[in-house]
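Reviewing the structure listed below.
Proteins get letters first, then strands, A, B, ... in listed order; numbering begins at 1 in each. Heavy-atom basis, side chains included; hydrogens, waters and symmetry copies ignored.
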Amino acid sequence: MAELVWFRNDLRTADNAALTAACKSGRPVRACFIVTHAQWQEHDWSAARVKFVLEHANALSKQLAKLGIALTFLHADTFAASLDVLEQHCQQHNISHVHFNEEYGANERKRDKQVRDRLTKRDIAVKKYRDQTVAPVGQILTQKDEPYSVFTPFARRWRVWIEETHPTLYAAPSATGPEVTPEQTDTLPAPFKDAPEPLVETGESAAHDALEEFLAERAASYKDTRDFPALDGTSQLSPYLANGVLSGRQCLIAAQQTGSSGEGIETWINEIAWRDFYINILYHYPRLSMHRAFKPETEALNWNEPGAHFEAWKEGRTGIPIVDAAMRQLKTTGWMHNRLRMITAMFLSKNLFIDWRLGEAWFMQNLVDGFLASNNGGWQWSASTGTDAAPYFRVFNPVTQSERFDPKGEFIRNWVPELAKLDNKRIHDPSKGGVVPKGYPRPIVDLKESRKEAIARFQALKD
DNA sequence: GACACATTATG
DNA sequence: ATAATGTGT
């Protein structure tokens with residue numbers, strides 16, 4: 001008899017509830033990962049993310065080998081098809097217990113329920129763990145025992161929970177046998193899909209190094225630098241977090257252990273709270289993973305046909321420099337600075353008045369850190385359709401944002417070379433009082449008019 | 001029920 | 001300075 005750890009969105013050996021539990025059993029432990037390309041495509045996984053995940057799955061296989069755990073790659077087109085391969089694998093290896101960490105998308109939950117039913121019928125025990133957030137999902141509730149729909153009170157309660165509970169890392173898994181030889185474990189054949197150049201290095205120890213580097217060198221100034229896309233102010237850990245190479249707990253505990261309780265660290269810890277917040281929202285409201293708005297009344301909005309405006313936005317040819325620079329960064333690198341995610345999302349959903357779902361999908365199709373909870377949460381915030389959303393009348397002005405957060409136009413010059421020669425003032429809005437540089441489009445919408453129109457269309461929902 | 005708060009914009 | 005909304009304590 002043996003235990004099986006089924007890895008999914010938790011491609012790490014450290015601080016992993018399911019792995020730690022399996023290793024404590026005293027029985028031999030095996031591992032598996034199911035490659036489900038068609039399902040990933042249906043979920044709009046980008047080429048960058050697929051590559052990242054497969055490379056990290058290989059790295060995980062090597063790490064597990066040191067613990068005496070052989071990992072097998074199984075293959076199924078979809079989640080539905082993965083039931084059969086998992087069941088077959090369990091029988092082949094005489095598995096008595098299957099351990100996995102919960103995921104909160106609707107399809108993932110449906111799959112996990114079906115897996116539990118199927119394996120239980122074969123007398124295989126299924127053990128699930130609430131491992132994905134700092135405070136276990138579903139535990140942070142209002143005084144009325146209801147889920148929070150506003151971030152600030154959620155974060156206050158979340159911090160109280162941390163004070164009371166002093167969360168710790170799951171114990172490092174102990175070796176369950178002699179090191180597994182390369183012949184006994186499994187490796188996916190490279191090369192993987194064509195994708196942007198990797199943003200971060202591959203592997204769990206590289207992730208730990210990146211976390212340490214951020215906390216030691218850059219976290220103290222995080223509050224002051226994080227909003228400036230030309231600076232290296234953010235942690236850049238999102239690809240690891242989105243794919244479970246790092247956990248939020250590891251980030252929080254490492255941040256606490258730096259001892260410096262500066263504003264920078266506190267601001268960053270708040271971002272970990274945002275992640276927990278949106279995972280909780282996804283958990284409490286399944287409609288969010290079914291292409292539905294959190295605010296049902298916004299389903300009645302009559303979005304514009306995407307057409308040429310949507311193509312211009314995707315390609316970074318809107319005539320708004322900060323938007324174009326951001327969209328080109330996304331397409332080229334598979335990543336976008338968070339301030340720019342808000343600016344470009346607001347521009348698509350309010351100024352172009354194009355359905356936020358189309359933008360959400362485009363982000364997923366390009367981001368290496370595309371993570372349903374955070375991506376959907378961010379888009380619904382920008383589009384004023386979500387929890388704690390930006391009030392509909394509070395529309396970012398992308399030019400003002402550009403002047404504030406890229407004051408010298410450095411970020412714009414880097415990604416929109418057509419504008420490189422413009423001075424620091426004109427670069428934010430080249431069409432204003434001058435000739436637009438050759439090869440660069442005029443703005444595809446009037447910012448003022450489109451803002452007014454968007455507010456009016458939201459206002460009309462209330463009549 | 002008063003109050004704090006929310007990743008602002010425009011005149 | 002003022003616009004205008006809703007959650008949670």
Side-chain angles (χ1 to χ4, degrees), chain A residues 139-161 222-229 231 233-235 238 263-264 266-278 280-281 284-285 293-298 301 320 322-323 326 336-351 356 359 363 374-406 428-429 432 445-463:
Chain A
Q139 281 201 17
I140 303 294
L141 299 169
T142 67
Q143 290 181 345
K144 290 198 232 163
D145 271 349
E146 284 165 357
Y148 283 97
S149 65
V150 172
F151 173 72
T152 308
F154 171 89
R156 192 170 300 146
R157 184 69 192 80
W158 183 81
R159 293 213 181 227
V160 169
W161 184 92
Y222 179 74
K223 184 170 194 277
D224 302 319
T225 57
R226 63 169 184 154
D227 273 321
F228 298 88
L231 303 180
T234 63
S235 72
S238 55
E263 283 193 311
E266 289 306 311
T267 306
W268 190 61
I269 289 175
N270 229 35
E271 296 302 312
I272 304 171
W274 272 104
R275 173 185 156 82
D276 273 23
F277 175 63
Y278 281 140
N280 272 275
I281 294 291
H284 287 295
Y285 302 96
F294 177 78
K295 290 187 188 195
E297 69 272 23
T298 64
L301 286 166
I320 308 294
I322 194 69
V323 171
M336 192 197 286
H337 188 282
N338 189 52
R339 169 62 50 184
L340 302 175
R341 296 190 196 197
M342 294 190 280
I343 296 173
T344 55
M346 193 77 87
F347 180 76
L348 183 80
S349 59
K350 298 294 173 59
N351 297 104
W356 56 272
F363 269 32
S374 305
N375 191 51
N376 181 275
W379 270 94
Q380 297 223 43
W381 180 86
S382 297
S384 305
T385 65
T387 50
D388 197 22
Y392 65 86
F393 49 85
R394 222 178 261 178
V395 178
F396 281 16
N397 180 325
V399 174
T400 312
Q401 291 277 314
S402 181
E403 289 164 347
R404 249 171 64 197
F405 298 116
D406 189 27
H428 304 289
D429 190 7
K432 188 179 169 191
V445 281
D446 182 283
L447 293 179
K448 222 170 175 172
E449 284 305 310
S450 56
R451 171 183 188 275
K452 272 176 75 175
E453 172 73 13
I455 290 174
R457 284 161 94 162
F458 270 90
Q459 190 79 45
L461 284 181
K462 296 193 289 190
D463 304 335

Give me the distance, rounded to whole Å, that separates [N] from [M] when you measure between the [atom1] atoms they each carry.
N      : M      : atom1 : result
dG1(B) : dG8(C) : C1'   : 13 Å
dC5(B) : dA4(C) : P     : 22 Å
dA3(C) : dA6(B) : C1'   : 15 Å

Closer than 4.0 Å, any side-chain N/O of [X] to the OP1 or OP2 of [N]?
X       : N       : answer
Q459(A) : dA4(C)  : no
R157(A) : dT9(C)  : no
R156(A) : dT7(C)  : no
T400(A) : dT8(B)  : no
N397(A) : dT10(B) : yes

Would you classify [X] as touching base, sugar-phosphate or nothing, given that sugar-phosphate means primed atoms plus P, OP1 and OP2, and contacts are heavy atoms under 4.0 Å?
X       : answer
K462(A) : sugar-phosphate
E146(A) : nothing
P391(A) : nothing
F151(A) : nothing

message = When you measure from the side chain of D406(A) to the backbone of S402(A), do you find a donor-acceptor pair of N or O atoms at a distance under 3.5 Å?
response = no

task = Mind checking the CZ-OG1 spacing from F363(A) to T344(A)? Nearest 0.5 Å is all I need.
result =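 Result: 3.5 Å between the selected atoms.
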
ask   = Under 3.5 Å, is there a donor-acceptor pair linking the side chains of Y392(A) and K462(A)?
value = yes

Of all the choices, [options], which nucleotide is nearest to the side chain of [X] once you look at every atom?
X       : options                : value
Q143(A) : dT9(C), dT7(C), dT8(B) : dT9(C)
Y148(A) : dC5(B), dA9(B), dT9(C) : dT9(C)
R394(A) : dA6(B), dT7(C), dT9(C) : dA6(B)

To the nearest Å, how far apart are [X] [atom1] and [N] [atom2]?
X       : N      : atom1 : atom2 : result
K448(A) : dA9(B) : NZ    : P     : 14 Å
Q380(A) : dA6(B) : CD    : P     : 21 Å
I140(A) : dT7(C) : CD1   : P     : 20 Å
Y392(A) : dA9(B) : OH    : P     : 17 Å
K452(A) : dT8(B) : NZ    : P     : 23 Å
L141(A) : dT7(C) : CG    : C1'   : 15 Å
D388(A) : dT7(C) : CG    : P     : 10 Å
R451(A) : dA9(B) : CZ    : C1'   : 5 Å

ask   = Checking side-chain contact (heavy atoms from CB on, under 4.5 Å) against F277(A), which of I140(A), T387(A), V150(A) comes through?
value =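 Of I140(A), T387(A), V150(A), side-chain contact (heavy atoms from CB on, under 4.5 Å) with F277(A) is met by T387(A) alone.
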
message = Counting only Watson-Crick pairs (N1-N3 plus N6-O4 or O6-N4) and G-U wobbles (N1-O2, O6-N3), all under 3.5 Å, who is the partner of dA4(C)?
response = none

ask   = So, are R275(A) and E271(A) salt-bridged, with charged N and O less than 4.0 Å apart?
value = no

ask   = Minimum heavy-atom separation for R404(A) to F228(A), with atom names?
value =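 Of all heavy-atom pairs spanning R404(A) and F228(A), the closest is O-CE2, 3.3 Å.
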
